[in-house]
Amino acid sequence: MSDRRRFVQVIQENEGIIFKVANIYAREGEDQKDLYQEIVYQLWRSFKSFQGKSKISTWIYRVALNTAIRHMNQLRKKASYVSMNSDLMDLYEEQDAETEERMTMLYEQIKQLNVVERGIILLHLEGKSYQEIGSITGFTPSNVGTRLSRIRNKLSAQIKNMNHGSG
């Protein structure tokens, strides 16, 4: 199988990863499409150098998150603020209304985290182990655990403040 065909197959099998990262790190519409395309382009550029020392999904997450963070930094230089997509629930299968409401609230709170925290929590929600998250982000597994604990506390405090303010 040619490199091009193998690459297309890998992208098709893992496009959900790219789609999720683009939706979390880019504004709605064209920005998401641009980021998706940029991630695929960066994956293609480094595809021949992928040596299989990690899972293909780990490599895709690493490239996607690095590309997304670089993309956000470029946007920050152009504008003073970046809004995040509020339609993340389109990524999920239909769920009951209560679960969907909780997920929407959680993702709204995740959007308020910094770019590194967003990446770590996204990987955690995807079921990645501390070792896998560390491999993708460059942090040690124990540092990932510490950061996740802080992120959970931060999200919990944000949600409590939000609920307390509306009561």
Side-chain angles (χ1 to χ4, degrees), residues 14-40 42-43 54-55 57-93 95 97-167:
N14 295 280
E15 69 183 346
I17 294 169
I18 303 166
F19 186 69
K20 289 174 189 174
V21 171
N23 279 327
I24 285 187
Y25 282 95
R27 294 183 205 150
E28 297 179 19
E30 291 302 313
D31 284 342
Q32 289 173 349
K33 290 176 187 172
D34 290 347
L35 179 55
Y36 183 97
Q37 289 175 347
E38 180 64 20
I39 291 169
V40 171
Q42 293 302 327
L43 288 166
S54 64
K55 288 192 228 172
S57 61
T58 299
W59 171 73
I60 290 171
Y61 269 117
R62 184 180 304 124
V63 172
L65 289 171
N66 287 335
T67 303
I69 290 169
R70 191 170 46 255
H71 177 79
M72 284 191 67
N73 288 337
Q74 290 170 347
L75 286 178
R76 273 201 192 106
K77 290 176 185 173
K78 294 178 184 176
S80 60
Y81 113 101
V82 177
S83 68
M84 300 305 293
N85 179 4
S86 62
D87 290 330
L88 288 172
M89 293 313 298
D90 290 348
L91 299 175
Y92 298 96
E93 295 175 9
Q95 300 170 330
E98 186 178 321
T99 302
E100 187 171 325
E101 186 177 319
R102 285 195 306 242
M103 290 299 294
T104 301
M105 182 176 68
L106 175 62
Y107 275 97
E108 288 301 317
Q109 296 309 309
I110 289 171
K111 291 177 197 175
Q112 295 177 33
L113 300 172
N114 70 43
V115 293
V116 174
E117 292 170 334
R118 269 186 253 156
I120 290 171
I121 198 71
L122 170 69
L123 294 169
H124 177 67
L125 292 173
E126 287 288 312
K128 300 295 179 193
S129 69
Y130 289 8
Q131 184 71 38
E132 288 174 303
I133 295 170
S135 177
I136 292 166
T137 62
F139 298 121
T140 64
S142 64
N143 190 276
V144 168
T146 301
R147 287 174 181 262
L148 272 171
S149 178
R150 290 180 185 154
I151 292 167
R152 282 189 207 106
N153 290 339
K154 193 175 192 178
L155 287 171
S156 180
Q158 286 173 200
I159 291 169
K160 283 179 187 172
N161 286 338
M162 189 179 78
N163 289 337
H164 187 64
S166 66

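Counting begins at 1 with the first residue of the sequence.
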Heavy atoms only: give me the nearest Tyr130-Gly145 pair and the separation to one decimal. CE2-CA, 3.3 Å
Glu126/Lys20 ion pair, N-O < 4.0 Å: yes
Please report the interatomic distance CD1(Ile159) to NZ(Lys154), rounded to the nearest 0.5 Å. 13.0 Å
Where do Asn14 and Ser57 come nearest, in terms of heavy atoms and distance? OD1-CB, 4.1 Å
Between Arg118 and Lys111, which heavy-atom pair has the shortest distance, and what is it? NE-O, 3.7 Å
Arg147 side chain near Val116 side chain, heavy-atom distance below 4.5 Å: yes
Are His124 and Ile133 close enough that some pair of their side-chain heavy atoms sits under 4.5 Å apart? yes
Taking C-beta and beyond as the side chain, do Leu43 and Trp59 meet within less than 4.5 Å on heavy atoms? yes
When you look at His71 and Ile39, which way does the side chain to side chain contact (heavy atoms under 4.5 Å, CB included) test go after all the steps? CA-CA 10 Å; His71 177 79; Ile39 291 169; over 6 Å; no
Beyond-backbone contact of Ile110 with Leu122, side-chain heavy atoms, under 4.5 angstrom: no
Please tell me if the side chains of Val144 and Leu123 come closer than 4.5 Å, counting only heavy atoms from C-beta onward. no
Which value, rounded to the nearest 0.5 Å, describes the distance between Ile120 atom CD1 and Leu65 atom CG? 9.5 Å
Just wondering, more than 12 heavy atoms not from Arg150 lying within 6.0 Å of its CZ? no
Which atom pair, heavy atoms only, marks the closest approach of Ala68 to Leu35? CA-CD1, 3.9 Å
Can you tell me how far CD of Gln42 sits from OG1 of Thr67, rounded to the nearest 0.5 angstrom? 4.5 Å
Can you tell me how far apart CZ (Phe139) and OG1 (Thr146) are? Round to the nearest 0.5 Å. 11.0 Å
Rounded to the nearest 0.5 angstrom, the CG-CG distance for Asn23 and Asp31 is 11.5 Å
Do you know the tightest heavy-atom contact between Ile136 and Arg62? O-CG, 3.4 Å
Euclidean distance, Gln131 CD relative to Thr140 OG1, rounded to 0.5 Å: 9.5 Å
